[in-house]
Structure formats: structure tokens, C-alpha cells
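Throughout, protein chains are lettered first and strands after them, A, B, ... in sequence-line order, and every chain is numbered starting at 1.
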Protein chains: 2
Amino acid sequence: MTTPREKIIQTACNLLEQQGYHASGLNEIIQASGAPKGSLYHYFPGGKTEIAVEAVGRAAETTARIVEEHLAAYADPDEGVRTLLEEIARRVEESGYAAGGPLMLVALETVNSSEPINHACRQAYRHIQSVFSRRLMAAGMNEAAADSLALLIVSTIEGATLLSRTLHSPQPLREAAGFLAEHIRRHLTSQPGG
Amino acid sequence: MTTPREKIIQTACNLLEQQGYHASGLNEIIQASGAPKGSLYHYFPGGKTEIAVEAVGRAAETTARIVEEHLAAYADPDEGVRTLLEEIARRVEESGYAAGGPLMLVALETVNSSEPINHACRQAYRHIQSVFSRRLMAAGMNEAAADSLALLIVSTIEGATLLSRTLHSPQPLREAAGFLAEHIRRHLTSQPGG
DNA sequence: GTCTATACGGTGATAGAC
DNA sequence: GTCTATCACCGTATAGAC
């Protein structure tokens, strides 16, 4: 069942990722989604803000699922993170550096202008952080250390994606992949249960 | 000598940093700068795009100077980077997470929509990267290794700033400070001349 | 639920007087 | 150099018919 509401949210996800909040007009979103134009405010009484909040939540779910899949596919978290970064680099490059980091642009644009959207972005990043953190705890780290390292992982991924897109090069993401994998492995092997 | 052109560029720097390109209107920039409104296209025949290009260049110079000062103030690059990150965290926190990372927002907004502005952002990041790289080479690293590590440093700073602003917490920047300093020190001590 | 029409303010940019 | 007036377009949001 693909409701008009669903199509609008998914289209908004892509447009916000590539263009950002202010550059993505309501008309553009509706037209690209193929959803009926007249029922926009029927499905989203909160207007553009509500669409963005829903899109950010959707982007967070999608991202968290991808992260989980990569982390679950390898016996060691450092290898999971490394392949995740390589996959991100592949996707960013494949899109011609037009896509990648579905949250960062909206997060920055709205940090000072929309409390509801900022709240959604915070929840999104905290959710993704928790996925990394749980995996690190399962590998033997205590909660505080896992949370700290998970936050660093998310920060590094976002920064490397930002630089890769801006510089039109996968190098920042590839550098980050090696750096993160090395750091994670070191922290795990220095743990009591390592 | 503070020409109207100069005032406009500096005002644009601040507004672009806080709100981004699409959210900062020409009227807003002119009014906030106190510059005469009628001479906008006399000083900037290229319109809004030219203002943004100039502002990005100015932001890059300012940032590079701050980085250089911190790196020059310490005998070891890892300590310079650590205090730089702490200074950034202080500034971001002090602004109420409204400012920080003068380039990232414009860089992301324009990566797919304005070639001239993207070019300015690329030059800006490359310039800042070279400041780190030169300091690492002075500490004994070879050029390739220094460039790689410098790119990672820039990526990590940008990502941590992004997360700190979004989450309204200095923690991402503080985590990044410790991890980067540790990583840099390790790389330097494993070098031949370390 | 979906449509069309429209209100209302804003945008970047230009023209021409001074 | 600076001003005012104005352009054509776009934005979000709403009203009312069906």
C-alpha cells in the first residue's frame, strides 16, 4: 500500500538530502512524488515543517537499518564499520556526489530556525549512535565507552561524507574508514574482555 | 578603510555560517551590513553568487589563520590540534550552537546547484588542509602521509562541529579532540624521525 | 480527498533618475 | 555611487467548489 502520504515522504527524503530544506519547494516535492497536489495539507496539516520532520525520521530509520546490516555481517565491529564506510563512499561516488548524508544538510539548515525539525534531527542522530553503541557493547565495551566511541564514529562519518561531497572525491571517506577501523580495533583489544 | 563591499562580505560570512545560502536574503545581508542598498550590484556585478564566493574565501582565510595560530603555539602538532578543537567547542557553545563551521552549510547547499560557489568551497577546504599538512611535515611526516592525515583532521573537525551544533552539546567536539590528538601523536612517534 | 484559484509576502535582479 | 521603483517569478498557505 503506497499512499500519497508515503510517496511524499520518500520523495522529500531524496530532495532534502540533495538540495536541503530551503531549496526544496513544496511544489517541487509534490510534482516529483506524483502525489495529488490538492491533498497536501490534508495529509500534512503542519505544512512543510511536518513533511520535513517525517522525512528526517524516515531517513534515520533507513540509515539505522543499513548500519545494522553492515555491523551484523562481520564478526568484529571494526570490519563492519570499515565496509560500511566503503559502501557509503561507493554510494556517494555513484550519485555524482549529489547524494549522501541524508540528515546533515537539513540538520544544519534548521538548527537555528525550526525547533521541531531540529528535534527530529537530534533523535535521528541519537538513534544511529545507539546502533553503533549496542554493537560495541556486544563486543565487550562498557556503556560509557561505547557511547563515546559511537558518537565519534557518527561524527567522523558525517564529516567525511561532507568533505567527499564537497571535494568530489571518495578520499575523505576512505581515509576515515581506515582511521575508524584502526581506532575501534585498538579500543576493543585494550578492553578486559578483548 | 572599511568599504561597503567589505562590510557586505563580512556580514555575509556570518549570515551564511548561521543560516546558509538559501535562507540568507540579499535584503537581509544589505540591511545587516549597514551598507548602502543601491550600490549592491555596483560592487557585486555577479549578484548573490559573487557575494557568496567572496564570503567563502574570506571564511577560509580567517579559519586558516586561526588554525595556524594554534598549531604554531605548541611544540607538538597533536597538542595544537587538541587546543584548536577545544577552542572551536568553546566558540560553538558560546554562540548557543548558532555558529561554527563557516563553510559546511554553504558547501553542502551548493554542491549540486552552483559550480562557482562549490569551487570556492573546494579551494577553501584545500587551503585549510594544507595548513595542517605543512605543520605535520614540519614535524617529520612525508608529504603523502601528511596530506592524508590533514584531510582526516579537517573531516573530523567538520563532522564533530556538525554534530555538536545539531545536538546542542560540545561533547562531539571534545571526543574528537581526544581521538585526533591521540591519533596524530601515534603517527608521529611511529615515524623515522619521531 | 482532490481540485482550482488565489492571497500575500518574499526573492534576485534591473532600469533610470540623481 | 546611491537611490527608488519596478520587474517577473517563486514561496507557503488557505478558501471554497466538487
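Remark: C1' of C/dG10 and CD of B/Glu28 are 12 Å apart, rounded to the nearest angstrom. Rounded to an integer number of Å, the gap from CD of B/Glu50 to P of C/dG12 is 15 Å. Between A/Phe44 atom CZ and C/dG1 atom P the separation is 13 Å, expressed in whole Å. For B/Lys48 and D/dC9, the NZ to C1' distance is 15 Å, given to the nearest whole Å. In this structure, A/His42 atom NE2 and D/dT12 atom P are separated by 20 Å, rounded to whole Å. Per the geometry, CD belonging to B/Gln31 stands 13 Å off P belonging to D/dT4, to the nearest Å. As rounded to whole Å, 17 Å separates atom C1' of C/dT2 from atom CZ of A/Arg5. Distance CG (A/Leu40) to C1' (C/dT4): 15 Å, rounded to an integer number of Å.
B/Phe179 has its ring centre less than 6.0 Å from the ring centre of A/His187. For B/His70 and B/Tyr74, the ring centers sit 6.0 Å or farther from each other.
Between A/His22 and B/Pro4, the residue whose closest nucleotide on DNA chain D is further toward the 5' end is B/Pro4. Heavy-atom nearest nucleotides on DNA chain D were determined for A/Pro45 and for A/Ala23, and the one closer to the 5' end corresponds to A/Ala23.
Nucleic acid contact for A/Thr3: none, since no nucleic acid atom lies under 4.0 Å from a heavy atom of the residue. Across all strands, A/Tyr41 comes closer than 4.0 Å to base atoms (heavy-atom distances). At the heavy-atom level, B/Asn27 lies under 4.0 Å from the strands shown only through sugar-phosphate atoms. Residue-level contact check: B/Thr49 touches neither bases nor backbone, having no heavy atom under 4.0 Å from any strand.
Shown here is B/Glu28, whose CD atom has more than 12 heavy atoms of other residues, nucleotides or ligands within 6.0 Å.
A donor-acceptor contact closer than 3.5 angstrom links the side chains of B/Asp147 and B/Ser133.
Under the 4.0 Å criterion applied to side-chain N and carboxylate O atoms, B/Arg165 and B/Glu93 are not assigned as salt-bridge partners.
For D/dT2, the OP1/OP2 oxygens have a side-chain nitrogen or oxygen of B/Ser39 closer than 4.0 Å.
In the set D/dT2, C/dG1, C/dC3, D/dT2 carries the atom at the smallest distance from any side-chain atom of B/Pro36. Here the nucleotide nearest the side chain of A/Leu26, chosen from C/dA13, D/dT12, D/dC3, is D/dT12.
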